[in-house]
K.L.:
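Structure incoming, see below.
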Amino acid sequence: MRITVRKAIEKAYKELNDREGWGEADPGAFDVSPPREEKFGDFSTNLAMILAARLKKKPRDLAEKLAAAFLDDDLFESVEVAGPGFMNFRLKPVHWARELSRVSGEADSFGRTDLGQGEKVMVEFVSANPTGPLHIGHGRGAAVGDALASILAWAGYDVTREYYTNDVGLQMDNLGRSTLMRAREAAGNPMEEEPPYRGEYMKDVARAFIEKYGPEILSAPDDEALTAARRFASESIMEGIRKDLADFNVRFDVWYSEKTLHDSGSVDSLIGLLLEKGLIYEQEGALWLKTGEQGDEKDRVVRRANGVTTYLAADIAYHKTKLDREFSTLVNIWGADHHGYVPRMKAVISALGGDPEKLVVRLVQLVSLKKGGQSYAMSTREGVFTTLRQIIDEVGTDAVRYFFLMRSSDSQMEFDVDLAKSQSSENPVYYVQYAHARCCSIFRQADEKGVAEPRFEEVDLSLLTGRDELRLIRKLLQLPEVVELAARSFQPHHITGYLYEVAGLFHFFYKHNRVVSEDSALTASRMALIRALQITLKNGLEILGINAPEKM
RNA sequence: GCGCCCGUAGCUCAGUUGGAUAGAGUAUCAGAUUGCGGAUCUGGGGGUCGCAGGUUCGAAUCCUGCCGGGCGCACCA
């Protein structure tokens, strides 16, 4: 609808331009958007004010001239000039109502756009090390990454969701040692020192380890025992992570193992290649990548003096595979504490011959918890949720996802556990889900009364001209542009906020208007509206990975 | 010291990328239903958009400098 209006404005401008001889065929970058105040109309444009600067004329005069061009236009009910030179357009209501046919026609795909034109995009997220269960911070990253991937897919991109597993290196050795120490402790040999990973979960891992290998593994040679412990622990923890994510309704297409990069030799060969190109040099026995020239604070070590490659070395090889897989955009979702890594990775992309602009890093800020009126930083405290598992068990996947997606990921957020748990009107998740359930309930009621849902072509759309109806229609037709906004800004919270507004308008409409009534023509047209609304809510929730229940 | 994010109502946060009189929820106070789900709806009070400059027709939004909070500045990952 917005596009239709824009085209009408452009047409009017061109005609006026020819007639007045301004010699400016291009109207420039003007804005067409719904005004904040409903009384101003359906859309407004700042075209006249943009032109005023260029043409050195008064904005209001220009606006008057432009407005006159719409006098006998069938699209608009009114075109007015207001304020410093805004033009406000009000469409004939029937044009709005007709748009509803698009919603019911597109049904499950309403909201999809072709913004991305099928371009390949990777979204890499979570990528937590398999050294312990996911915590709440990972959960926020998981929700944001998953929703963002879904948003981009709805916006017409060809999306790959990927989890990069750091399943090799020092931390894996530490994990193996911790497992072995806990296992020996369980077998009656007290530990002489704290294990590298101290979490309680390591005791469970150790017990399962003994169960699988038998107690004799504990007396095996250190090398053998350690190798077994390392592999068992990482696999078992990874399995737990996969299960947590699955229960959190988060899906991945590819699980990419760091180990395979080393095993295939691509880390070493890439270092060799960059050495030849002069992008890596040797100093004090170590190999350094010249990231300093590319905006990083300084150059970075890729191979230590002791011959062991760093994490960065593997990350170079990993991002090389992303470039080789020909993604046009590489989205990485990281915790905010990794922000120092951004210029480094951009430099890496440059060194690999890629365009650093391709790399889009979304930093997700920290989560703190509020429970029983008290705030907790995300440190480990007794009685406070720390793992993703705990919070989804306690609060439920839908509510946790909604809460994580409700706020801009740029802001630190406080997770109100009591609010998320409450099954009341204060809880925004239920507010939205309830709106959907209500729509479904209306259809159930109609069915019981023997009122069949009308076919769209049979509906008299000219009946949908009430204020409440038009508000609702205008809002629900915005889903595609909200999806695009969320895709362009890489911010899922636009959708959450939008759905809340849609739900609010519906609850208001529902309170003041009856859908199924004695008036069969009106009933039919309103049922068509409610169907379009139900589709909008369902698709919006679907994008966010949140259930749209038919009953609650 | 350098860098990134944040600072908007008592609290938690939006603000369509520079537009018109700055908005929700919550808390608080006062109300609404003999019909489709009260998990709903209506109204009131509540603001120096951290501070100070600048850019222009127009700034919560862009630029500069301060102040405050968080997080980073490894031959860890």
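A note on names: the letters A, B, ... follow the listed sequences, proteins ahead of strands, and every chain is numbered from 1.
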K.L.:
Would you please indicate yes or no on a ring centroid separation below 6.0 angstrom for A/Phe86 and A/Phe40?
P.N.:
no

K.L.:
Do A/Asn88 side-chain and B/A20 base share a donor-acceptor contact under 3.5 Å?
P.N.:
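Per atom types, the contact qualifies.
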
K.L.:
By the 4.0 Å heavy-atom rule, please label A/Phe443 as base, sugar-phosphate, or nothing.
P.N.:
nothing

K.L.:
May I ask you to verify if any side-chain N or O of A/Arg36 is less than 4.0 angstrom from the OP1 or OP2 atom of B/G23?
P.N.:
yes

K.L.:
Which part of the nucleic acid does A/Tyr434 contact within heavy-atom distance under 4.0 Å: base, sugar-phosphate only, or nothing?
P.N.:
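Since a base atom lies under 4.0 Å of A/Tyr434, the category is base.
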
K.L.:
Name the nucleic acid region contacted by A/Lys298, choosing base, sugar-phosphate or nothing; use a 4.0 angstrom heavy-atom cut-off, strictly under.
P.N.:
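Here A/Lys298 touches the backbone only, sparing every base.
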
K.L.:
Which is true for A/Glu284 with a 4.0 Å heavy-atom rule: it touches a base, it touches only sugar-phosphate, or it touches nothing?
P.N.:
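Base, at least one base heavy atom under 4.0 Å.
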
K.L.:
Report yes or no: is there a donor-acceptor pair, N or O only, under 3.5 Å between the side chain of A/Ser44 and the base of B/A20?
P.N.:
yes

K.L.:
Counting the atoms with a prime plus P, OP1 and OP2 as sugar-phosphate, which does A/Met406 contact under 4.0 Å by heavy atoms, base, sugar-phosphate, or nothing?
P.N.:
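No contact.
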
K.L.:
Who does B/G23 pair with, Watson-Crick or G-U, both distances under 3.5 Å?
P.N.:
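Here B/G23 is engaged in a pair, and the nucleotide opposite it is B/C13.
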
K.L.:
Are A/Asn427 and A/Tyr402 linked by a side-chain donor-acceptor pair shorter than 3.5 Å?
P.N.:
no

K.L.:
Using a 4.0 Å heavy-atom cut-off across all strands, classify A/His493 as base, sugar-phosphate, or nothing.
P.N.:
sugar-phosphate

K.L.:
Applying the 5.5 Å / 30° rule, does A/Phe86 stack onto the base of B/G19?
P.N.:
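Per 5.5 Å and 30° rule: no stacking.
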
K.L.:
Regarding A/Asn129, tell me which of base, sugar-phosphate or nothing describes its non-hydrogen contacts under 4.0 Å with the strands shown.
P.N.:
sugar-phosphate

K.L.:
Measuring to OP1 and OP2 of B/G25, would you say a side-chain N or O of A/Tyr430 lies under 4.0 angstrom away?
P.N.:
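No, because none of the side-chain N or O atoms of A/Tyr430 sits under 4.0 Å from OP1 or OP2 of B/G25.
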
K.L.:
Considering only the P atoms, how many Å lie between B/G45 and B/U56, rounded to the nearest integer?
P.N.:
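Nearest-Å result for B/G45 against B/U56 at atom P: 38 Å.
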
K.L.:
Nearest-nucleotide wise, let me know which of A/Pro35 and A/Thr309 is further upstream toward the 5' end of RNA chain B.
P.N.:
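Its nucleotide being nearer the 5' end, the pick is A/Pro35.
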
K.L.:
Please enumerate all residues that pass salt bridge (charged side-chain N to carboxylate O under 4.0 Å, His left out) together with A/Arg362, with sequence neighbours excluded.
P.N.:
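Result, salt bridge (charged side-chain N to carboxylate O under 4.0 Å, His left out) vs A/Arg362: A/Asp410.
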
K.L.:
Is A/Arg438 touching bases, backbone alone, or none of the nucleic acid, heavy atoms closer than 4.0 Å?
P.N.:
sugar-phosphate

K.L.:
Tell me which of A/Gln365 and A/Arg300 sits closer to the 5' end of RNA chain B, going by the nucleotide each one is nearest to.
P.N.:
A/Gln365

K.L.:
Salt bridge check, A/Arg344 against A/Glu297: does any charged N sit closer than 4.0 Å to a carboxylate O?
P.N.:
no

